[in-house]
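Numbers for residues simply follow the sequence, beginning at 1. Both backbone and side-chain heavy atoms feed into the values below; hydrogens, waters and symmetry mates do not.
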Amino acid sequence: MTASASSSKIESADSHSHLREIKIAHSPDSDDAFMFYGLATNKIRVNGYKFTHTLCDIETLNQKAMHEAFYDVTAISFHAYPYIQDNYALMACGGSVGEGYGPMIVASHRLSLNAVKKVKIAVPGNLTTAYLTLKLFAPEVETAVVSFDKIIPEVLAGNFQAGLIIHEGQLTYGQSGLHKIIDLGQWWREETKLPLPLGGNAIRRSLGNDVMFKVTQALRDSIQHGLDHREEALSYAMQFARDLDPSLADKFVGMYVNERTLNYGEDGREAIRKLLALGHERGIIPHPVNVDFVG
């Protein structure tokens, strides 16, 4: 069935037999769970559509979007976008943006910035925005890919002198006795005067413009529902908050689900374009990037 044929059915759908399925994939993180709460619990409904959700770690989603373009909507690292831009556009909502904060390099003992550039750093994936930002900060640094939730244990075990941490580790590393060497979101802000765009949601171009717009609006409605019903949405998101107590989970969600998640803003869009353009200029991203937004 073609996209145009199926979309005509959407408009006339008045029974479950005509519902169009939209496959959504996002990471099992409390911030993603918070923003998809409205859709996942059917608090937000769209006539003629049903939404199914798959939870998977972000680096796997990056790779799947790059090699298969399987999901209709997928969470991605912004660093992955250049590799999927032919099949996906960026949704204008649903992003996680660091306002002067972001991925951190941590170590078991204090290191100078010059010293940390000379050690092997555990990173959560080569397509993560954390990795791209690290390579902009320290182009020659040696890295090794480690699952994001294993980086702190690996540093503590002495297998790496330093690690690049994302997600909840940004709030919990101190409890493990690790030292922050640099916050790359703060570094980026000082370099560019812009926020650091970390992750977003991409939508499959083959859905067609009308469906892409409707689904993007549904996500924006879901984010707004979570913000308007914060206690309920946070309670739902807590089941995905690895090792965080409610107050830390609330802080983490507040860091990455806010007004900018509803709309990047002009400076947010500029930051996305600048980050990817610099990645191309510095030879980290092999080809030019055309960033376009839906909604």
Side-chain angles (χ1 to χ4, degrees), residues 22-46 49-62 71-78 90-103 124 128-130 148-149 165-172 185 195-203 215-265 268 272 294-295:
I22 299 295
K23 298 184 177 71
I24 295 174
H26 60 81
S27 65
D29 303 320
S30 50
D31 56 332
D32 273 14
F34 186 97
M35 70 177 75
F36 282 101
Y37 163 69
L39 283 172
T41 59
N42 291 317
K43 300 289 193 303
I44 300 298
R45 298 173 182 268
V46 181
Y49 293 76
K50 66 175 180 178
F51 298 90
T52 57
H53 299 258
T54 298
L55 274 60
C56 191
D57 72 275
I58 194 66
E59 182 66 357
T60 300
L61 292 180
N62 289 337
Y71 295 108
D72 298 314
V73 174
T74 182
I76 59 163
S77 303
F78 281 115
L90 282 176
M91 301 171 96
C93 59
S96 297
V97 178
E99 301 279 358
Y101 49 81
T128 61
T129 310
F148 76 91
D149 56 341
I165 57 172
I166 57 175
H167 299 322
E168 295 91 343
Q170 296 166 261
L171 297 179
T172 62
L196 178 60
L198 297 165
N201 284 280
I203 187 163
V215 173
T216 299
Q217 187 57 48
L219 175 56
R220 181 173 280 119
D221 291 344
S222 182
I223 297 163
Q224 186 67 64
H225 183 85
L227 292 171
D228 290 343
H229 302 83
R230 187 177 184 83
E231 188 173 334
E232 295 94 326
L234 192 61
S235 177
Y236 171 80
M238 272 300 297
Q239 64 186 304
F240 307 100
R242 292 173 294 265
D243 301 324
L244 290 187
D245 62 34
S247 64
L248 278 181
D250 185 37
K251 181 177 180 180
F252 180 73
V253 167
M255 288 168 64
Y256 293 116
V257 187
N258 45 51
E259 288 301 313
R260 204 180 280 280
T261 313
L262 289 169
N263 192 314
Y264 291 114
I272 294 167
V294 176

Taking all atoms of both residues into account, what is the closest heavy-atom pair of [X] and [Y], and its distance?
{"X": "Pro195", "Y": "Val97", "answer": "CB-CG1, 3.5 Å"}
{"X": "Pro124", "Y": "Ala130", "answer": "CG-CB, 4.4 Å"}
{"X": "Ser30", "Y": "Val253", "answer": "O-CG2, 3.9 Å"}
{"X": "Ile272", "Y": "Pro197", "answer": "CG1-CB, 3.6 Å"}
{"X": "Pro28", "Y": "Cys56", "answer": "CD-O, 3.3 Å"}
{"X": "Pro103", "Y": "Leu196", "answer": "CD-CD2, 3.8 Å"}

[atom1]/[X] to [atom2]/[Y] distance, rounded to the nearest 0.5 angstrom?
{"X": "Met91", "Y": "Asn201", "atom1": "CE", "atom2": "CG", "answer": "6.0 Å"}
{"X": "Leu219", "Y": "Ile24", "atom1": "CG", "atom2": "CD1", "answer": "7.0 Å"}
{"X": "Ile76", "Y": "Leu90", "atom1": "CD1", "atom2": "CG", "answer": "5.5 Å"}
{"X": "Ser77", "Y": "Ile166", "atom1": "OG", "atom2": "CD1", "answer": "7.0 Å"}
{"X": "Leu61", "Y": "Leu55", "atom1": "CG", "atom2": "CG", "answer": "9.0 Å"}
{"X": "Tyr71", "Y": "Ile22", "atom1": "OH", "atom2": "CD1", "answer": "14.5 Å"}

Spell out, as yes or no, whether a donor-acceptor pair under 3.5 Å connects the side chain of [X] to the backbone of [Y].
{"X": "Thr129", "Y": "Phe78", "value": "yes"}
{"X": "Arg220", "Y": "Gly295", "value": "yes"}
{"X": "Asp29", "Y": "Asp32", "value": "no"}
{"X": "Ser222", "Y": "Met35", "value": "yes"}

Quick one about Asn263 and Glu259 (side-chain donor to acceptor, distance below 3.5 Å, no hydrogens or angles considered), yes or no?
no
Is it the case that the side chains of Asn62 and Glu59 hold a donor-acceptor pair, with the cut-off being a distance below 3.5 Å and no angle test?
yes
I want to check something: taking the side chain as every heavy atom from C-beta on, are Pro246 and Leu234 in contact at a cut-off of under 4.5 Å?
no
Does the side chain of Gln224 come within less than 4.5 Å of Ile44's, by heavy atoms?
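Side chain of Ile44 against side chain of Gln224, heavy atoms only: no contact under 4.5 Å found.
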Can you list everything that forms a side-chain hydrogen bond (donor to acceptor under 3.5 Å, both in side chains) with Tyr264? Sequence neighbours excluded, please.
none
So Leu227 and Phe34, side chain to side chain contact (heavy atoms under 4.5 Å, CB included) or not? Walk me through it.
CA-CA 9 Å; Leu227 292 171; Phe34 186 97; 4.1 Å; yes
Decide yes or no on side chain to side chain contact (heavy atoms under 4.5 Å, CB included) for Val215 and Asp72, but give the supporting numbers first.
CA-CA 9 Å; Val215 173; Asp72 298 314; over 6 Å; no
Run the side chain to side chain contact (heavy atoms under 4.5 Å, CB included) check on Leu198 and Tyr256 step by step: do they pass?
CA-CA 9 Å; Leu198 297 165; Tyr256 293 116; 3.6 Å; yes
Is any side-chain N of the basic residue among Glu232 and Lys43 closer than 4.0 Å to the acidic one's carboxylate O?
no
Considering the options His229, His26, His225, His53, which one meets the ring-ring contact (aromatic ring centres under 6.0 Å, His included) requirement together with Tyr37?
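Filter result, single survivor: His225.
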Quick one: do Lys23 and Thr54 satisfy side chain to side chain contact (heavy atoms under 4.5 Å, CB included)? Show the steps, please.
CA-CA 8 Å; Lys23 298 184 177 71; Thr54 298; over 6 Å; no
